[in-house]
Student: 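The structure is given below, and queries will be raised subsequently.
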Amino acid sequence: MKKRLLIGAGSVLAFFLILLVLLIVFRSKVLSYTIQKVITQVESRYPVDFNINKAEFVDLNSVVLSGISLVPHDRDTLFTTDSVHASVSFRSIFKGRIVFKKLDVSDGYLTAVKRNGKDNFSFLLKGEDGNQPADTTAKRSRNYGELLNRLIETAFDNVPDQANFKNLNVSYKSENRTIDIRMPYLTMDDGTIDSEVVIKTDSLVNNLRMHGTIDPGDYNIAASLYNTDRNGIRLPYVKEKFNGTVAFDTLHLSLADKSYRKDRLTVRGTAKVNNLSVNHEKLATEDIHVREGALNYVVTLGPNYYAIDSLTEVRVNKAVANLYAVYQNATSKIIDLKIKTKDLEANDVFESLPTGLFENLEGIKAQGKLKYKLNFHVNMDSLAKVKFDSDLDASKDFKIVQWGKTNIQKINGSFVHTVYEYGKPVRTFMVGPANSFYSRLGEISPYLRNAILTAEDAGFYSHKGFHEEAFRQAIATNLKKGEFVRGGSTISMQLVKNVFLTRQKTVTRKVEEAIIVWLIENLNLVSKNRMFEVYLNIIEWGPNVYGAKDASRFYFGKQPSELNLAEAIFLTSIIPSPKNYRASFDSYGNLRSWKRGYFRLISGIMLRRGLISRAAYDGLYPNVQLYGRARDLIVTAPDAVVEDSTEFELETIDLLDF
């Protein structure tokens, strides 16, 4: 038995010795065969010439490849490198493919070029057959999930165990754009990545250091970018395209895993940025700064489907929220957006607001807890059914401990108000009894007060600063028109905009406006009567005309308490566009005929609500008599006459169901 075991072991050993000898003797032929097979596979899959001029073993399992190039047919060369030193897996050679265990590459050049509508790289993004067949029966939608999944798998499947790149260069050139990326070195060793990167985009240069880890088997990669000079990492083309800047100190990105099922790709990972600085005149008048922002994302891409899963968590400094967003366009365009937070420390929320973005809220100290929830849904084929719900809830012990740059309660007393137009001050006046043009609420005609409430904000005395249905209708109208044509502002919101936010007209102003309104209304900082009184004393009513008393004198030579119903409705009608006051009149100083419908609408609603009597409604004449400065500016025709009153006969018309 012992003899047989020795003979068997000797036979096995001899067999492996023979295989080793054969491998050493014929390995070059096997290598040549394998490389030629790879070249054939690449050239059969893509319209390219793939060249490897020389391949040889330099020791038992080390190979040197030289003269490597990838040249698309009738296009500029895409990739070249002088030499590649690699340790090769023997098993992979016998399987007809090359798997590098260790890779050393010097002087590699990947050059993407696009000229006259033609490029040398888009063929890599097509399917297995290299073509995208035309569909003449239906409009096809590219599946970006499938495309990204293929890119991820291709990249991870070809990651070597060890790699050392020296002087690796990647560039993109087109008629109007040049991008150059140079890596003096890039190393991968036992799952660790390290590199220096110089990125030049036209005239902008970023000097970076990259460090990270990679696990190809689990599709996991994490990398951090650090700036090696003091200028910060600046995003390219933001200045040229948007006239703004975006910069940060460090950026951390990771892909934790991915799955591809039923034509949909789901990726999970994280992103984190430190000392983010953003500047754009449409966002704020100064730099917006975020100390730290983070994102834990779960994103799904598929045919006509793009989604951010509700597990996605967004953090701005200390404030954290969960985000859910979906865009679908298979049969119709559908957008869903949900934002939800847990109970957050109120002080953390205010301290987390990006500096430079909400000037009036900077420096606020608070106690208690806050919680926010947003739910938005729109089907572009059914705009009338837009859903919009936004709720900010506070704990019972919530309160402002200390105001910051702006004391929101200043409107409870006299204060100096400056009117701004296009960011420049045009008039400054006192809002209070010291100003001879100031009117107490009771000194203003009830006709004017009630007409404004009817037209601008019927629920002013009952709501908490917001009218969600009006805002929902405004969203639907604006989406239908494709531009901003209607607002959903309450009197509370208009007051805050005029008093606190007139210095800048930015896209984030609405957010600051909403927060201030919420504070005023929910903390009962200012009474409704006081808010309405201040509103009536500061709103614009014409050329350098501000407040009810100024307007009454300018148009009618009266005190605001003396205004009749017609005069009150006219003044109400020009609030949305006071600079166009002259368009309401003809050259004789008579109201134009299209104003009649507005008079009927407002007076009819006032009648149904008991705000005016039947006699006042029946006696309403849709015209006004101009006096003073307004008449001098508006009446240009000689021998001005008043149109015959029979043309203005009123009917009782129910235009709105209130």
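Note that the numbering runs from 1 along the sequence shown for the chain.
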Student: Classify the side-chain pair Asp189/Gln162 by whether it contains a donor and acceptor separated by less than 3.5 Å.
Tutor: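 The criterion, which ignores hydrogens and geometry beyond distance, is satisfied for Gln162 and Asp189.
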
Student: Taking atom types as modelled and ignoring hydrogens, do the side chains of Thr300 and Tyr306 form a donor-acceptor contact shorter than 3.5 angstrom?
Tutor: no

Student: State, to 0.1 Å, how close Asn227 and Asn207 come at their nearest heavy-atom pair, and which atoms those are.
Tutor: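 Distance-wise, the nearest heavy atoms are ND2-O, 3.3 Å.
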
Student: Tell me if a side-chain donor or acceptor on Arg315 pairs with a main-chain N or O of Asn317 at a distance below 3.5 Å.
Tutor: yes

Student: Answer with yes or no whether the side chains of Ser106 and Asp82 bring together a donor and an acceptor at under 3.5 Å.
Tutor: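 Looking only at side-chain atoms, Ser106 and Asp82 do not form any donor-acceptor pair under 3.5 Å.
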
Student: Between Asn206 and Arg234, is there a side-chain heavy-atom distance shorter than 4.5 Å?
Tutor: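 When only atoms from C-beta onward are counted, Asn206 and Arg234 do touch, with a gap below 4.5 Å.
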
Student: Quick one: do Val197 and Ile181 satisfy side chain to side chain contact (heavy atoms under 4.5 Å, CB included)? Show the steps, please.
Tutor: CA-CA 7 Å; Val197 186; Ile181 303 174; 3.7 Å; yes

Student: Okay, side chain of Thr312, backbone of Asp309: is any donor-acceptor separation there less than 3.5 Å?
Tutor: yes

Student: Where do Gly232 and Asp249 come nearest, in terms of heavy atoms and distance?
Tutor: CA-OD1, 4.4 Å

Student: Taking NZ, NE, NH1 and NH2 as the nitrogens, is one of them in Lys318 or Glu345 under 4.0 Å from a carboxylate oxygen of the other?
Tutor: no

Student: Given side chains that start at C-beta, do those of Asn322 and Ile339 come closer than 4.5 Å, heavy atoms only?
Tutor: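 A side-chain contact is absent here, since even the closest heavy-atom pair is not under 4.5 Å.
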
Student: Verify, without hydrogens or angle tests, whether Ser352 (side chain) and Ala319 (backbone) share a donor-acceptor contact under 3.5 angstrom.
Tutor: yes

Student: Check the side chains of Ser224 and His252 for a donor-acceptor pair under 3.5 angstrom, ignoring hydrogens and angles.
Tutor: yes

Student: Could you measure the distance from the OG1 atom of Thr228 to the CE atom of Met210? Nearest 0.5 Å is fine.
Tutor: 13.0 Å

Student: What do the steps show when you test Val170 against Tyr109 for side chain to side chain contact (heavy atoms under 4.5 Å, CB included), and what is the final call?
Tutor: CA-CA 6 Å; Val170 179; Tyr109 296 86; over 6 Å; no

Student: State, to 0.1 Å, how close Val48 and Pro72 come at their nearest heavy-atom pair, and which atoms those are.
Tutor: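 Heavy-atom minimum between the residues: CG1-CA, 3.7 Å.
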
Student: I want to check something: taking the side chain as every heavy atom from C-beta on, are Tyr327 and Ile335 in contact at a cut-off of under 4.5 Å?
Tutor: yes

Student: Are any non-hydrogen side-chain atoms of Leu251 and Asn274 less than 4.5 angstrom apart?
Tutor: no

Student: Test side-chain hydrogen bond (donor to acceptor under 3.5 Å, both in side chains) on Tyr260 and Thr266; report intermediate values, then the result.
Tutor: CA-CA 6 Å; Tyr260 187 74; Thr266 298; over 6 Å; no

Student: Describe, in one word, how the ring planes of Phe123 and Tyr46 are oriented to each other, choosing from parallel (under 30°), tilted (30 to 60°) and perpendicular (over 60°).
Tutor: perpendicular

Student: Short question: side chain of Thr154, backbone of Leu151 - any donor-acceptor pair under 3.5 Å?
Tutor: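 Side chain of Thr154 to backbone of Leu151, a donor-acceptor pair under 3.5 Å: no, none is there.
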
Student: Report yes if some heavy atom in the side chain of Val386 is under 4.5 Å from a heavy atom in the side chain of Phe376; otherwise report no.
Tutor: yes

Student: Examine Lys338 relative to Tyr324 and say whether NZ or CZ is less than 6.0 Å from the centre of the six-membered ring and inside a 45° cone about the ring axis.
Tutor: yes

Student: When rounded to the nearest 0.5 angstrom, what is the spacing between CD1 in Ile233 and CD1 in Ile199?
Tutor: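 The CD1 atom of Ile199 is 8.5 Å from CD1 of Ile233, to the nearest 0.5 Å.
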
Student: If you look at every heavy atom in Phe242 and His280, which pair is closest and at what distance?
Tutor: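 Distance-wise, the nearest heavy atoms are O-NE2, 2.5 Å.
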
Student: Could you check Asn220, Thr213, Thr270 and say which one makes a side chain to side chain donor-acceptor pair (under 3.5 Å) with Ser254?
Tutor: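 Going through the options one by one, the only one that passes is Thr270.
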
Student: Could Lys510 and Glu513 be called an ion pair, given the rule that one side-chain N must be under 4.0 Å from one carboxylate O?
Tutor: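 A salt bridge is present here (some side-chain N lies under 4.0 Å from a carboxylate O).
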
Student: For Thr355 and Glu286, run side chain to side chain contact (heavy atoms under 4.5 Å, CB included): C-alpha distance rounded to whole Å, both residues' side-chain angles, the deciding distance at 0.1 Å, then the answer.
Tutor: CA-CA 9 Å; Thr355 58; Glu286 56 187 73; over 6 Å; no

Student: Heavy atoms only: give me the nearest Tyr219-Asp157 pair and the separation to one decimal.
Tutor: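 Answer, listing the atom of Tyr219 first, then Asp157: OH-OD1, 4.1 Å.
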
Student: Between the main-chain N or O of Lys371 and the side-chain N or O of Thr341, is there a donor-acceptor pair closer than 3.5 Å?
Tutor: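 Not confirmed, Thr341 side chain does not pair with Lys371 backbone.
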
Student: Answer with yes or no whether the side chains of Asp257 and Ser259 bring together a donor and an acceptor at under 3.5 Å.
Tutor: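 Checked: Ser259/Asp257 side chains show no N/O donor-acceptor pair below 3.5 Å.
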
Student: Regarding Ser66 and Ser83, is there a side-chain donor-to-acceptor distance under 3.5 Å anywhere?
Tutor: no

Student: Would a distance-only check, ignoring hydrogens and angles, find a side-chain to backbone donor-acceptor pair under 3.5 Å from Arg150 to Gly145?
Tutor: no

Student: Do Phe156 and Leu255 pass the side chain to side chain contact (heavy atoms under 4.5 Å, CB included) test, and can you show the C-alpha distance, the side-chain angles, and the key distance before you say yes or no?
Tutor: CA-CA 12 Å; Phe156 277 93; Leu255 172 65; 4.1 Å; yes

Student: Sort out for me which residue in Asn167, Asn164, Asp194 forms a side chain to side chain donor-acceptor pair (under 3.5 Å) with Tyr185.
Tutor: Asp194

Student: Pick from Lys173, Lys118, Arg115: which one makes a salt bridge (charged side-chain N to carboxylate O under 4.0 Å, His left out) with Asp76?
Tutor: Arg115

Student: Is Arg177 positioned over the aromatic face of Tyr172, cation under 6.0 angstrom from the ring centre and no more than 45 degrees off axis?
Tutor: no

Student: Return yes if some donor-acceptor pair links the side-chain N/O of Asn329 with the main-chain N/O of Ser332 below 3.5 Å, else return no.
Tutor: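 No, Asn329 side chain to Ser332 backbone: no donor-acceptor pair under 3.5 Å.
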
Student: Counting distance only, does the side-chain N/O of Arg268 pair as donor-acceptor with the main-chain N or O of Val299 below 3.5 Å?
Tutor: no

Student: Drop me the distance from Leu276's CG to Arg291's CZ, to the nearest 0.5 angstrom.
Tutor: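 Answer rounded to 0.5 Å: 12.5 Å.
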
Student: If you round to the nearest 0.5 Å, how far is CZ of Phe358 from CD1 of Ile515?
Tutor: 5.0 Å

Student: Do the non-hydrogen side-chain atoms of Val84 and Val64 ever get within less than 4.5 Å of each other?
Tutor: no

Student: Is the closest side-chain donor-acceptor distance between Asn149 and Lys258 under 3.5 Å?
Tutor: yes

Student: Kindly check if the number of other-residue, nucleotide or ligand heavy atoms within 6.0 Å of CG (Asn53) is above 12?
Tutor: yes

Student: Would you say the side chain of Asn279 lies within less than 4.5 Å of the side chain of Ile288, judging by non-hydrogen atoms?
Tutor: no

Student: Sort out for me which residue in Ile68, Leu65, Thr81, Leu186 forms a side chain to side chain contact (heavy atoms under 4.5 Å, CB included) with Val105.
Tutor: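 So the option named by the test is Thr81.
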
Student: Look at the side chain of Asn120 and the backbone N and O of Val113, then say whether any donor-acceptor pair between them is shorter than 3.5 Å.
Tutor: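 Looks like yes, one N/O pair under 3.5 Å.
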
Student: Determine whether more than 12 heavy atoms belonging to other residues, nucleotides or ligands lie under 6.0 Å from atom CG of Asp190.
Tutor: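 No - once you tally the heavy atoms of other residues, nucleotides and ligands closer than 6.0 Å, there are 12 at most.
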
Student: Please round to the nearest 0.5 Å and tell me the distance separating atom CD of Glu240 and atom CG of Leu204.
Tutor: 7.5 Å

Student: Does Glu292 reach the main-chain N or O of Val273 with its side chain, forming a donor-acceptor pair under 3.5 Å?
Tutor: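 Not confirmed, Glu292 side chain does not pair with Val273 backbone.
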
Student: Between Glu56 and Lys54, does any side-chain N to carboxylate O distance fall below 4.0 Å?
Tutor: yes

Student: For Ser390 versus Tyr372, what's the shortest heavy-atom pair and its separation?
Tutor: OG-OH, 2.8 Å

Student: Given side chains that start at C-beta, do those of Val42 and Phe50 come closer than 4.5 Å, heavy atoms only?
Tutor: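 Val42 reaches Phe50 side chain to side chain.
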
Student: Measuring from Met183:CE to Leu208:CG, what's the distance to the nearest 0.5 Å?
Tutor: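 Met183 atom CE to Leu208 atom CG measures 9.5 Å (nearest 0.5 Å).
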
